[in-house]
Amino acid sequence: MKTKDIILELRTKKGLSQDELAEKVFVTRQAVSRWENGETTPNIETLKLLSKLFDVSINTLLGSPQRLVCQCCGMPLEDSDISKEVDGVFNEEYCKWCYADGDFTLDFWKQYVGVGGKEKFEEFKQQLIEEFNTLLHVEGLPEVKDLNVLSGSFINLEYRLPNGEVVKFLDDKATYLGNQLECEFGGDRCFGIAANMEFLLVCSYEENGENPELVVYKKR
């Protein structure tokens, strides 16, 4: 959909006239009319007001020209997943699990940035990367070059054990450092890696996390 159609649809759903919408975002009725006719597009400050009023992202108002991804955990973002600032304005760089009310919610981030600064956090990441590359020898797993902070709720897959029991190894409410890597041999499966101060984990799965298999779980 185009911006003009999106604004018209959102205004109609909210039961607002053009005059009422104009009053709420501090413009004239003529301005709203021009938006809905496709003659003009709201400026960035007005888009912020419209975003807050209609509870949708600016990306949605503009017809979703970008594929939004959380800059912290890498999760694809829908409007319902996007974080908000204290004043209710969308922060389209992060998901609501990584960032909320003007602050990062991640335990890794707070621990290392709050105590030792970003340098200590990066040192810890590099230490884990080295351990993945030197301690684990998984056939087909490429060299690990980077780790992202990931929400447990996003990567906590269910694995079926040989006895038929289905288990999860992570905590939905915790955060981990990890990444997704393509298998060196190709195929439909890829590797997922995750770690914290206590363990290293390697799993494999198909698209969208389907049919996961635990490859390695090693305590540090």
Working to the nearest 0.5 angstrom, can you tell me the gap between [X] [atom1] and [Y] [atom2]?
X	Y	atom1	atom2	result
S204	L181	OG	CG	12.0 Å
N148	L177	CG	CG	8.5 Å
N196	L170	CG	CG	8.5 Å
E93	L77	CD	CG	10.5 Å
E206	E213	CD	CD	8.5 Å
N211	R160	CG	CZ	10.5 Å

Quick test of your reading of the model: are [X] and [Y] salt-bridged, counting only N-O distances below 4.0 Å?
X	Y	value
E36	R11	yes
K13	E9	yes
E198	K219	no

Qualifying ring-ring contact (aromatic ring centres under 6.0 Å, His included) pairs with a residue from residues 200-220, counting only residues at least two apart or across chains: F169-Y217, F199-Y217
Results of side-chain contact (heavy atoms from CB on, under 4.5 Å) for [X] - residues two or more places apart only:
X	result
N163	L161, E165
V216	L136, V138, V202, K218
D188	none
F26	L49

Give the cluster check for [X] versus [Y]: same hydrophobic cluster or not, with ILVMFWY residues linked at side-chain heavy-atom distances below 4.5 Å.
X	Y	value
L68	M1	no
F185	V215	no
F90	V86	no

Which residues pass the salt bridge (charged side-chain N to carboxylate O under 4.0 Å, His left out) test with [X], not counting sequence neighbours?
X	result
E92	none
K145	none
K125	E122, D146

State, yes or no, whether a side-chain contact exists between [X] and [Y] at a heavy-atom distance under 4.5 Å.
X	Y	result
I82	N91	no
L201	Y176	no
E158	P212	no
L10	L16	no
L157	C203	yes
F124	M197	yes
L21	I7	yes

Side chain to side chain contact (heavy atoms under 4.5 Å, CB included) evaluation trace for W35 with T3: CA-CA 8 Å; W35 299 340; T3 299; over 6 Å; no
Closest non-hydrogen atom pair, [X] against [Y]:
X	Y	result
C183	R189	CB-O, 3.8 Å
C95	C70	N-SG, 3.3 Å
G88	K52	O-CG, 4.3 Å
L200	A195	CD2-CB, 3.7 Å

Is it the case that over 12 heavy atoms from other parts of the model lie below 6.0 angstrom from the [atom1] atom of [X]?
X	atom1	answer
E207	CD	no
E184	CD	yes
Q127	CD	yes
Q30	CD	yes
E78	CD	no
E85	CD	yes

Hydrophobic cluster partners of V166 (side-chain heavy atoms under 4.5 Å): none
When the side chains of residues 53-65 are checked against the rest of the protein, which donor-acceptor pairs come out under 3.5 Å, sequence neighbours left out?
residue, atom, partner, partner atom, Å
D55, OD1, K84, NZ, 2.5
S57, OG, T60, N, 3.0
S57, OG, T60, OG1, 3.1
S57, OG, D79, OD1, 2.7
N59, OD1, Q66, N, 3.2
N59, ND2, Q66, O, 3.0
T60, OG1, D79, OD1, 3.0
T60, OG1, D79, OD2, 2.8

Output yes when a side-chain donor or acceptor of [X] lies under 3.5 Å from a complementary backbone atom of [Y], and no otherwise.
X	Y	answer
T46	P42	no
K96	S80	yes
T12	L8	yes

Which residues share a side-chain hydrogen bond (donor to acceptor under 3.5 Å, both in side chains) with D81, sequence neighbours left out: none
Contacts of Y94 that satisfy ring-ring contact (aromatic ring centres under 6.0 Å, His included) - sequence neighbours left out: Y99, F104
